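In what follows, chains are A, B, ... by sequence order, proteins preceding strands, each numbered from 1. A quick note: this is a predicted structure, and the numbers were derived from the prediction, not measured.
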Amino acid sequence: MILRLSNLFVRTLRDDPADAELPGHTAMVRAGYIRRAGSGMHTWLPLGPLVYRKVEAIVREEMDRMGAQEVHFPALLPREPYELSGRWEEYGATLFRLQDRRGNDHLLAPTHEEMFTLLVKDLYSSYKDLPLSLYQIQIKYRDEARPRAGLLRAREFVMKDSYSFDVDDEGLEASYQQHRDAYIATFDRLGLHYVIVSAMSGAMGGSRSEEFLCPTPVGEDTFVRSPGGYAANVEAVVTPVPDPLSYDDVPVAHVEDTPDTPTIETLVAFANEHFPRGDRHWEAADTLKNVVVMLRYLEGGRTPLVVGVPGDRDVDTKRLQAQVEPAVVEPFTDEDFAAHPALVKGYIGPQVLGEDSASGIRYLVDPRVVEGTRWVTGANRHGHHVFDLVCGRDFTPDGTVEAAEVLDGDPAPDGSGPLELARGIEIGHIFQLGRKYADALALQVLDQHGKLVTVTMGSYGIGVSRAVAAIAETTVDELGLCWPRQVAPADVHVVNAGKGEDTGAAAEELAAGLDAAGVDVVLDDRAKLSPGVRFKDAELLGVPTIVIVGKRLVDGVVEVKDRRTGEREDVAVAEALDHLIAVCRS
RNA sequence: CGGGAUGUAGCGCAGCUUGGUUAGCGCGCCUCGUUCGGGACGAGGAGGCCGCCGGUUCGAAUCCGGCCAUCCCGACCA
């Protein structure tokens, strides 16, 4: 294939588009791979699909290799299956809903669990048919609250989603492992760096879930890693529990007048001024911060929950949310405070909390709050705090919860060193669904004893368009795009940098030779352009090997430049073809 | 959803405060000529519902009101 810039449908931009912020996205727009069509929607120009299709092909090959079979559902679906699974309601505002001319509800699918489940239910009814893995590569729709970062968080995007079906947990584990191996092979081939992080704490019945994150500062997901190789989603970090402390010599708890100290900061400052410690200053970590939230349950109803964390940390809503699922964490409003007079805003303390207390309000604390720890905390009276309140002596929480934010330097749960917070792009997610959808949609098969058993499922996703973006973001440099060869739109970019007909003819001949050898070529055969423009465009487009046919042609050489390293070498014209073919196949 | 901003040619922007010729600049595009190894130069061109609706006014890109859209920060995000 020879792409001639003289007629390729592309126009490179000299200025950065105003609405692009990430370097890779900016370069893709400037180089003419994609354009914004609307918020979270993108048009692909000819260069874009050349990259996209190579990514897609690698994903497809690895799925086929592991034995998954490709199917294809509509992106537009009727309401009914989602009604049956409960997700018509559950999915909320993120679901694109629309009506047909008869007023019937439809949706643009954000993911296809229901359809896969129902399809298998329609066709299969025996354990002999399993295990089975099906996949599709499909446009997905999510009405994101805030689309951003170009292809990374779009409202229309392409995802490979697959689902495994097994009769038992051992089968599911095997299918999961197959997908995990296939994903490793896929991302290795794509040239994407990744870390595999545990995405759940295991509090949800032991089902496994792991995310493939591509580490980059522009990523939207936060994860942690340790020097010893531990890596996890922040939601999954388990806090090591300290040993209990002796509290024999801790004075009796005493309430003090602490006016105008509704925040940890004001409290610490006040305590240091009026109740100085003998040994050191009071610190935020000496205080116990009690945060009250409302839990809303799917089946209806709201109950308050108070979470106690050391005062130097905030409650991480995402971590808390992961712990209380399927309940939803909601803010505690002023009306809620009015309805629960035991809770004094800014001065909440454990003495009035607990399921066995008068208030009956559930009280969970950070795992660091162990027996014997002494705290400065709210006295449940406006302007008052209690000092030397000892856990296990003066109060007993209902339990612990992993809700405190994870901080840089916290110890890894497996003892592999201090955690480092890092950012990444979620490029893949593998998940043991279990029987959620099989139960909801009655997917059962007969086992070898003739008994009906509910199938257990896994779901596995790779963001294909997002992977393109992730590659761009992690390879782009100050000159432009810099594609890995296996996904580049072409192998060689031939620049005719001369002014005479001789360089033009030599460039044509070289391009034709490469094409005949099966090497894809971008040929800059545009007329009347200064060499500088051609060089800039070649670098912006990001084809891995650039050949300059120019002033050195009179010496019988062309220049071969590696886009990534910038290294140039002179190659005799007579050897250029063989040299380039070797470079592209190495 | 909270906060902040923006909407003027394909792209990037000025003009608006203080209303008044034919709405301007750079890039890109067309023609001619000169250039030709790091986004060349000259001359001449094409291209605009100034986001939409309404109001004020003799007159609105400019002032006022409403709406819509988009972007950024945050919240949210299997």
Side-chain angles (χ1 to χ4, degrees), chain A residues 9-22 25-26 29-30 32 35-41 43 45 82 85-87 90-95 109-114 140 142-150 152-155 157 159 161 163 199-200 204 207 209-211 220-222 233 235 316-318 321-322 325-326 328-331 426 428-434 436-437 457-461 463 479-480 495-500 503-504 524 526-540 546 548-554 558-559 561 566 568:
Chain A
F9 186 60
V10 67
R11 187 115 301 156
T12 57
L13 305 177
R14 190 177 296 207
D15 298 315
D16 287 346
D19 55 3
E21 81 248 50
L22 302 184
H25 178 223
T26 300
V29 175
R30 276 192 56 208
R35 286 172 69 85
R36 201 184 70 88
S39 180
M41 298 174 275
T43 303
L45 278 54
Y82 284 71
S85 70
R87 289 210 299 178
E90 218 177 279
Y91 222 99
T94 305
L95 191 65
T111 174
H112 281 78
E113 280 83 355
E114 289 83 352
K140 307 284 187 180
R142 293 184 194 177
D143 192 1
E144 295 284 350
R146 181 147 97 81
R148 69 185 98 176
L152 282 183
R153 178 170 298 282
R155 295 197 292 176
F157 58 98
M159 182 162 101
D161 55 328
Y163 303 86
M200 293 176 76
M204 298 293 298
S207 61
S209 173
E210 289 170 295
E211 289 172 356
E220 294 189 73
D221 290 340
T222 304
N233 191 303
E235 283 94 321
D316 182 329
T317 313
K318 290 176 76 171
Q321 178 64 60
E325 269 171 350
V328 176
V329 176
E330 294 185 347
E426 183 185 342
H429 193 167
I430 53 178
F431 182 43
Q432 295 189 358
L433 269 181
K436 172 176 176 177
Y437 292 93
M457 295 169 55
S459 90
Y460 317 89
L479 298 174
V495 174
N496 167 20
K499 53 182 171 180
T503 57
D524 189 350
R526 293 174 293 183
K528 301 194 89 175
L529 266 187
S530 69
V533 175
R534 301 180 199 272
F535 297 147
K536 291 289 186 195
D537 276 351
E539 283 146 357
L540 180 61
I546 297 170
I548 300 160
V549 183
K551 65 182 183 186
R552 302 294 311 283
L553 189 65
V554 294
V558 297
E559 294 154 75
K561 183 177 165 183
R568 297 161 175 255

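Atom NZ of Lys499(A) is separated from atom NZ of Lys551(A) by 11.5 Å, given to the nearest 0.5 angstrom. The CG atom of Asp316(A) sits 11.0 Å away from atom CD of Gln321(A), with the distance rounded to the nearest 0.5 Å.
Of the options Glu113(A), Lys436(A), Glu114(A), a side-chain hydrogen bond (donor to acceptor under 3.5 Å, both in side chains) to Ser85(A) is made by Glu114(A) and by none of the others.
In this model, a side-chain donor or acceptor of Glu559(A) finds a partner on the base of G37(B) within 3.5 Å. For Arg14(A) against G38(B), no side-chain N or O and base N or O form a donor-acceptor pair under 3.5 Å. A donor-acceptor contact under 3.5 Å is formed by the side chain of Asp15(A) with the base of G26(B).
Distance noted for atom C1' between C41(B) and G24(B): 23 Å (whole Å). Rounded to a whole angstrom, the distance from the P atom of U17(B) to that of A61(B) is 12 Å. The gap from the C1' atom of G55(B) to that of C11(B) amounts to 34 Å, rounded to the nearest Å. Taking atom P on both nucleotides, G74(B) is separated from A14(B) by 25 Å, rounded to a whole Å. A gap of 16 Å separates the C1' atoms of A23(B) and G59(B), to the nearest Å. With both ends at atom P, the span from G19(B) to A60(B) equals 13 Å, rounded to whole Å. For the P atoms, the distance linking U8(B) with G51(B) amounts to 6 Å, nearest Å. Comparing the P positions of A5(B) and G20(B) gives an interatomic distance of 26 Å, to the nearest angstrom.
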Indicate every side-chain donor-acceptor pair of residues 526-535 of chain A with a distance under 3.5 Å to a residue at least two apart or in another chain.
unit_1: Arg526(A); atom_1: NE; unit_2: Asp524(A); atom_2: OD1; d: 2.9
unit_1: Arg526(A); atom_1: NH1; unit_2: Asp537(A); atom_2: OD2; d: 3.1
unit_1: Arg526(A); atom_1: NH2; unit_2: Asp524(A); atom_2: OD2; d: 3.1
unit_1: Arg526(A); atom_1: NH2; unit_2: Asp537(A); atom_2: OD2; d: 3.0
unit_1: Arg534(A); atom_1: NE; unit_2: Asn496(A); atom_2: O; d: 3.1
unit_1: Arg534(A); atom_1: NH1; unit_2: Asp524(A); atom_2: OD1; d: 3.2
unit_1: Arg534(A); atom_1: NH1; unit_2: Arg526(A); atom_2: O; d: 2.8
unit_1: Arg534(A); atom_1: NH2; unit_2: Arg526(A); atom_2: O; d: 2.8
unit_1: Arg534(A); atom_1: NH2; unit_2: Leu529(A); atom_2: O; d: 3.3

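At a threshold of 4.0 angstrom between heavy atoms, the contacts of Asp16(A) are confined to the sugar-phosphate backbone, with no base atom among them. The residue Arg568(A) sits close to a base: some heavy atom pair falls under 4.0 Å. The residue Ile548(A) sits close to a base: some heavy atom pair falls under 4.0 Å.
Around atom CZ of Arg35(A), no more than 12 heavy atoms belonging to other residues, nucleotides or ligands sit under 6.0 Å away.
Taking atom CG of Leu529(A) as the reference point, atom C1' of C30(B) lies 15 Å away to the nearest angstrom. Between Arg534(A) atom CZ and G39(B) atom C1' the separation is 12 Å, expressed in whole Å. G12(B) atom P lies 9 Å from atom CZ of Arg35(A), rounded to whole Å. Between Arg155(A) atom CZ and A69(B) atom C1' the separation is 11 Å, expressed in whole Å. When the C1' atom of C27(B) is taken as reference, atom CG of Leu13(A) falls 9 Å away, rounded to whole Å. In this structure, Arg526(A) places its CZ atom 12 Å from P of C30(B), rounding to the nearest Å. G33(B) atom C1' lies 8 Å from atom NZ of Lys528(A), rounded to whole Å. Atom CZ in Arg36(A) sits about 12 Å away from atom C1' in U6(B), given to the nearest Å.
Classification of Glu559(A) and Arg552(A) as a salt-bridged pair fails, no side-chain N sitting under 4.0 Å from a carboxylate O.
Scanning for ring-ring contact (aromatic ring centres under 6.0 Å, His included) contacts around Tyr460(A) gives His179(A), with sequence neighbours left out. Partners of Tyr82(A) according to the ring-ring contact (aromatic ring centres under 6.0 Å, His included) rule, which considers only residues two or more places apart in sequence or in another chain, do not exist here. With sequence neighbours left out, Arg148(A) forms a side chain to side chain donor-acceptor pair (under 3.5 Å) with no residue at all.
For Tyr163(A) and Thr111(A), the side-chain atoms include at least one donor-acceptor pair closer than 3.5 Å.
Looking at Arg155(A), its side chain does come within 3.5 Å of a backbone N or O of Ser39(A) through a donor-acceptor pair.
Using a 4.0 Å cut-off, no side-chain N or O of Arg11(A) falls inside it from OP1 or OP2 of C27(B). Under 4.0 angstrom from either OP1 or OP2 of A40(B) there lies at least one side-chain N or O belonging to Ser530(A).
In terms of position on RNA chain B, the residue among Val533(A) and Met41(A) whose nearest nucleotide sits closer to the 5' end is Val533(A). Mapping Val549(A) and Gly38(A) onto RNA chain B via the closest heavy atom, the residue that lands nearer the 5' end is Val549(A).
In RNA chain B, runs of at least 3 stacked Watson-Crick or G-U pairs (N1-N3 plus N6-O4 or O6-N4, or N1-O2 plus O6-N3, all under 3.5 Å) give these stems: B:1-7 with B:68-74, B:10-13 with B:24-27, B:29-34 with B:40-45, B:51-55 with B:63-67.
For Ser39(A), taking side-chain heavy atoms from C-beta onward, the closest of the listed nucleotides A40(B), G38(B), C71(B) is C71(B).
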Scan nucleotides 72-78 of chain B against the protein and return all N/O pairs shorter than 3.5 Å with their distances rounded to 0.1 Å.
unit_1: C72(B); atom_1: OP1; unit_2: Glu21(A); atom_2: OE1; d: 2.7
unit_1: C72(B); atom_1: OP1; unit_2: Glu21(A); atom_2: OE2; d: 3.1
unit_1: C72(B); atom_1: OP2; unit_2: Arg146(A); atom_2: NH1; d: 3.3
unit_1: C73(B); atom_1: OP2; unit_2: Arg146(A); atom_2: NH1; d: 3.2
unit_1: C73(B); atom_1: OP2; unit_2: Arg146(A); atom_2: NH2; d: 2.8
unit_1: C76(B); atom_1: N4; unit_2: Arg148(A); atom_2: NH2; d: 3.0
unit_1: C77(B); atom_1: O2; unit_2: Arg153(A); atom_2: NH1; d: 2.6
unit_1: C77(B); atom_1: O2; unit_2: Arg153(A); atom_2: NH2; d: 2.7
unit_1: A78(B); atom_1: N7; unit_2: Arg142(A); atom_2: NH1; d: 3.2
unit_1: A78(B); atom_1: N7; unit_2: Arg142(A); atom_2: NH2; d: 2.5
unit_1: A78(B); atom_1: N6; unit_2: Arg142(A); atom_2: NH2; d: 3.0

